[in-house]
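Please read the structure below before turning to the comments.
Just so it is clear, the values below take in all heavy atoms, side chains as well, and ignore hydrogens, waters and symmetry mates. Below, chain A is the first sequence line, B the second, and so on; all start at residue 1.
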Protein chains: 2
Amino acid sequence: MTSNKELQEKRMRGYFIEAASEILKGEGLKAVNVRSVSERAGYSYATLYNYFKDLNELVFICVSGFLNECEAMAAEQSAKHQPGKDRIKSSMKSLAGYFVQYPGIFELCFIERINNPVANQSSAKLIYELVDRITQEDFEHLIRNNIISSQTAKTTTLILKNSMAGLLLHYLNRLQPNDYKTFIANLDEQLTAILA
Amino acid sequence: MTSNKELQEKRMRGYFIEAASEILKGEGLKAVNVRSVSERAGYSYATLYNYFKDLNELVFICVSGFLNECEAMAAEQSAKHQPGKDRIKSSMKSLAGYFVQYPGIFELCFIERINNPVANQSSAKLIYELVDRITQEDFEHLIRNNIISSQTAKTTTLILKNSMAGLLLHYLNRLQPNDYKTFIANLDEQLTAILA
DNA sequence: TTATAAAATTAACAATGTTAATAAAAATAA
DNA sequence: TTATTTTTATTAACATTGTTAATTTTATAA
């Protein structure tokens, strides 16, 4: 049972979270600051501190919403394929597409320093295991049908998640390679080889 | 031929570069600011602006020095091995060791935003191709002896560089996995699979 | 309706990057 | 050598951003 007070407080937090999420998606992390978020939420900058320990806490609360959205997008793409390696490939391309569309979210999830010790462990784990969650069903299918061993699945997931993070880091943060076409070609080349 | 003026100017830049490099190695990127660097260099904070466009330019000038040091460390390790896959593995472990020892340098090379358009392209490329340079000799050897094809070498380098960046990003930035032992085990597992 | 509690706002401060104005030092010309 | 000019370095100042303190406004209870 939630009291009136709790409901109101939850709503207030929601206004700030929504404002921060919108700015993150539209203008990226560098545009997020106490004053811009509070203004968009319709309150003064100091009001934010009545509902969040600091700006960092607020920003990291946005993470799980974004991860859900990214997973949903990958799942939607998955629905078009049969379980298996092709579907993993397609899911990873969808994941890459999400972060290319919202570079600010990539920055937040993989790059921005976390000062908040609470959000720290839980959200870091949530991010780290994103690829695991998206590909879990397919890997289980591959193991069940004796296409790959359980050990191979574990190793492949590790390489998959690290190489996706690295690929996106280089491209979004350093523009390496410096054209989109090559980036897409590299993505495909990498996925094909890892899942061979 | 360098004039007196050029020599003196080069020296001055050197003092600031050295100061910034020391802070980067010791306390990391967060401890680098105009005032701390200038103080260590023995000058006032505004003097820095007589020799560098801004703090960003100075900080990114440090990059190539660090990359050289990292390559040298990998080369030293390499000298103990015969050319081939084992040597690539050993070089990559040495590279990982360097960045684990100096997380501030990893942050600078892979994470920190570049605002300087000049340093941008050149230093981004230098960073992106670090793994290529370190492994070049070995891949040439493998191709020459028909152990792998030239195409496989290209793809393997791509996966190697991305998965190393991702592995380090997750570990240094998010403490995933959250113990050193597992990190080292993952590093080995990943390298073994990629170079299989 | 008035006293009290809660919430929101404005004012203020600290840290940092950067520029402008001033001072000091060095170089040059008489 | 001394005066002038140029170069270099420093201090002062300002803008931005995160955060806290003091104050005002709003809601609640007697």
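Applying the salt bridge (Lys or Arg N to Asp or Glu O under 4.0 Å) test to pairs two or more places apart or on separate chains, those with a residue in residues 158-172 of chain A are D132(A)-K161(A). Applying the salt bridge (Lys or Arg N to Asp or Glu O under 4.0 Å) test to every pair with at least one member in residues 71-80 of chain B, sequence neighbours left out, gives these pairs: E71(B)-R133(B). For residues 163-182 of chain A, no pair satisfies salt bridge (Lys or Arg N to Asp or Glu O under 4.0 Å), with sequence neighbours left out. Residue pairs meeting the salt bridge (Lys or Arg N to Asp or Glu O under 4.0 Å) criterion with at least one partner in residues 14-25 of chain B, sequence neighbours excluded, are E22(B)-R40(B), K25(B)-E69(B). Among pairs with a residue in residues 61-98 of chain B, those fulfilling ring-ring contact (aromatic ring centres under 6.0 Å, His included) read Y98(B)-Y102(B), at least two apart in sequence or across chains.
Between S44(B) and the phosphate of dA9(D), there is no side-chain N or O to OP1/OP2 separation shorter than 4.0 Å. In this structure, Y51(A) does not reach the dA7(C) phosphate: none of its side-chain N or O atoms is under 4.0 Å from OP1 or OP2.
The residue from L167(B), N162(B), L169(B) that alone fulfils the side chain to side chain contact (heavy atoms under 4.5 Å, CB included) condition with N162(A) is L167(B). The only option from F106(B), F183(B), F99(B) that meets the ring-ring contact (aromatic ring centres under 6.0 Å, His included) definition with Y171(B) turns out to be F183(B). V34(A) pairs in a side chain to side chain contact (heavy atoms under 4.5 Å, CB included) with only one of the listed residues (D54(A), L58(A), L48(A)), which is L48(A).
Residues passing the side chain to side chain donor-acceptor pair (under 3.5 Å) test with N178(B): none are found, sequence neighbours excluded. The side chain to side chain donor-acceptor pair (under 3.5 Å) test applied to D188(B) returns K93(B), not counting sequence neighbours. E140(A) meets the salt bridge (Lys or Arg N to Asp or Glu O under 4.0 Å) test with no other residue; sequence neighbours excluded.
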Tell me, with the steps shown, if T155(A) and T152(A) meet side chain to side chain donor-acceptor pair (under 3.5 Å).
CA-CA 5 Å; T155(A) 305; T152(A) 302; over 6 Å; no
The test is side chain to side chain donor-acceptor pair (under 3.5 Å); show your working for S94(B) and S91(B) and say whether it passes.
CA-CA 5 Å; S94(B) 165; S91(B) 300; over 6 Å; no
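Surrounding CD of Q151(A) are more than 12 heavy atoms belonging to other residues, nucleotides or ligands, all under 6.0 Å away.
Atom pair R13(B):CZ and dA9(D):P shows a separation of 13 Å (rounding to whole Å applied). In this structure, OH of Y43(A) is placed 14 Å from C1' of dA6(C), rounded to the nearest angstrom. Between the C1' atom of dT18(C) and the CG atom of L48(B) lies a distance of 11 Å, rounded to the nearest Å. Rounded to an integer number of Å, the gap from CE of M12(A) to C1' of dT9(C) is 12 Å. In this structure, E39(A) places its CD atom 17 Å from P of dA8(C), rounding to the nearest Å. Straight-line distance from the CG atom of N50(B) to the C1' atom of dA20(C): 13 Å, rounded to whole Å. One can place CD of E9(B) at 15 Å from C1' of dA26(C), the figure rounded to the nearest angstrom. Between the CZ atom of F52(A) and the P atom of dA8(C) there is a distance of 12 Å, given to the nearest Å.
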Interface polar pairs with nucleotides 13-20 of chain D, N/O, under 3.5 angstrom:
residue: dG18(D); atom: OP2; partner: V34(A); partner atom: N; Å: 2.8
residue: dG18(D); atom: N7; partner: R35(A); partner atom: NH1; Å: 2.7
residue: dG18(D); atom: O6; partner: R35(A); partner atom: NH2; Å: 3.3
residue: dT19(D); atom: OP2; partner: Y49(A); partner atom: OH; Å: 2.9
residue: dT19(D); atom: OP2; partner: L55(A); partner atom: N; Å: 3.3
residue: dT19(D); atom: O5'; partner: Y49(A); partner atom: OH; Å: 3.3
residue: dT19(D); atom: O4; partner: R35(A); partner atom: NH2; Å: 3.3

Name the pairs: protein N/O against N/O of nucleotides 22-26 of chain D, kept only if under 3.5 Å.
none

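Applying a 4.0 Å cut-off to non-hydrogen atoms, none of the residues of residues 18-26 of chain A approaches DNA chain D.
Over its full length, the helix from dT1(C)-dA30(D) to dA30(C)-dT1(D) turns its helical axis through 20°, comparing axes from the five pairs at each end and rounding to 10°.
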